[in-house]
Number of protein chains: 2
Amino acid sequence: MRPQKILDSDMMTGLTKVFRDKGYEGASLKELADSTGLKKASLYHRFPNGKQEMAQSVFDEIDEWVKNRIFFSLRDKSEAPRARIKKALDNIRLLYGGGKETCIFRAFSMDAGMSLFEEQIKNGMEEWIASFTEIGIALHLTAGRAKEIAIQTLVEIQGSLVVAKGLRNTAIFETTLRRIENRYLNQ
Amino acid sequence: MRPQKILDSDMMTGLTKVFRDKGYEGASLKELADSTGLKKASLYHRFPNGKQEMAQSVFDEIDEWVKNRIFFSLRDKSEAPRARIKKALDNIRLLYGGGKETCIFRAFSMDAGMSLFEEQIKNGMEEWIASFTEIGIALHLTAGRAKEIAIQTLVEIQGSLVVAKGLRNTAIFETTLRRIENRYLNQ
DNA sequence: GTCTATAGCTAGATAGAC
DNA sequence: GTCTATCTAGCTATAGAC
């Protein structure tokens, strides 16, 4: 076995950056290669199924991160509910680079024959709503109200990313995170 | 002059559908041709500058619609402020097909060398916020609070479109429109 | 495991007949 | 104004040397 020239983690960073910025169709193999420091053929060695497998791999990695850092934080019984919300929101801030980064769900939801990630995006959003609903209940909201606020939380985060990018002003994202925190903690 | 086989308005409908669903890079000339009923070369006869001009034309048409039906409604002094909000929200519902359609700003914001529409999207969002700020002031909010709510309105609409599409559930969009209406009218 | 070279195809765009 | 036929460039993907 010959040693890898580029670490898997560095390669994933490069792939993620391009897919996030350009979407699935918009990301060309040339850009993916340049961004990782590998040549096209070397990417195919690591991903025999090509571009689709690269995208899936990026999607899965972020999905895993979100599960561990956001969903798990929200459900972590060793912390008080109020601390869980704060930690989850801090990790959301990290995930989106303080409002500079596009959501990978959204980047992959546009182009392509789509059905590629359609189901996984739906599942991700449902899990998102479920875990925010749980924390709402832990904070003594009714189940109905907790779900309402969970959906509203997802809507506001996605919307603030769209608007922050459009206006090139990340303050909108920060304001939104604070609004969400206040909604959960001051009632 | 030989007669047009396809009316401009029907052609625009076809172009709009493809660009909205696929984004700029995702829309191929073959799809654009099929969707309009014209052949590729005929599209080039009508748009000598090619795909970019087609996209610009779609963008401009929607931009115009939004100016007339949403921004103008909000500022129409011949109507009471409460009626203006209701009319604007009805037109927003129409614009997005009750939550089924993607926002063209968002469809064009992802791929490409981007700078294509970046500035026009920014301007559109700024006008959006400005006109909703005005209606807030007409409803006796302070200027600061009116702007806050205007931004929040844009964030919620964009977010609800993203989430409604991801979950394939337009109810989220409808709920959001009602929330916005209540925020303006019940205070 | 990584590379150069290239296959095979489809994209956007054009020429020229009608 | 619309079409068929075609060009070129770029795409995804593969073969095979090292």
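Residue numbers begin at 1 in each chain, while the letters A, B, ... track the order of the sequences.
Between the side chain of Ser42(B) and the backbone N or O of Leu38(B) there is no donor-acceptor pair closer than 3.5 Å. Judged purely by atom type and a 3.5 angstrom limit, Glu31(B) uses its side chain to pair as donor or acceptor with the backbone of Ser28(B).
Rounding to whole angstrom units, NZ of residue Lys30(B) and P of dT6(D) are separated by 18 Å. Rounded to whole angstrom, the span from the CG atom of Leu29(B) across to the C1' atom of dG10(D) amounts to 14 Å. Protein atom NZ of Lys22(B) is 11 Å distant from nucleotide atom P of dG12(C), rounded to whole Å. The nearest whole Å value for the distance from the CG atom in Leu7(A) to the P atom in dT2(C) is 10 Å. What separates CD of Glu25(B) from P of dT12(D) is a distance of 10 Å, to the nearest Å. Spacing between atom NZ of Lys39(A) and atom P of dT6(C) amounts to 16 Å, rounded to whole angstrom units.
No salt bridge links Glu53(A) with Arg46(A); every basic N to acidic carboxylate O contact stays at or beyond 4.0 Å. The pair Glu127(B)-Lys67(B) counts as a salt bridge, with a side-chain nitrogen and a carboxylate oxygen less than 4.0 angstrom apart.
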List, one per line, each side-chain donor-acceptor pair under 3.5 Å for residues 137-149 of chain B, sequence neighbours excluded.
residue   : atom : partner   : partner atom : Å
Thr142(B) : OG1  : Arg145(B) : N            : 3.1
Arg145(B) : NH1  : Glu148(B) : OE2          : 2.7

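Here the side chain of Leu38(A) is nearest to one of dC11(D), dT4(D), dT2(C), namely dT2(C).
Looking at heavy-atom distances under 4.0 Å, Ala33(B) makes no contact with the nucleic acid at all.
The stretch residues 40-61 of chain B comes close to DNA chain D through Ala41(B), Ser42(B), His45(B), Arg46(B), each having a heavy atom under 4.0 Å from the strand.
Residue pairs meeting the ring pair (Phe, Tyr, Trp, His ring centres under 6.0 Å) criterion with at least one partner in residues 49-97 of chain A, sequence neighbours excluded, are Phe59(A)-Phe105(A), Phe59(A)-Phe117(A).
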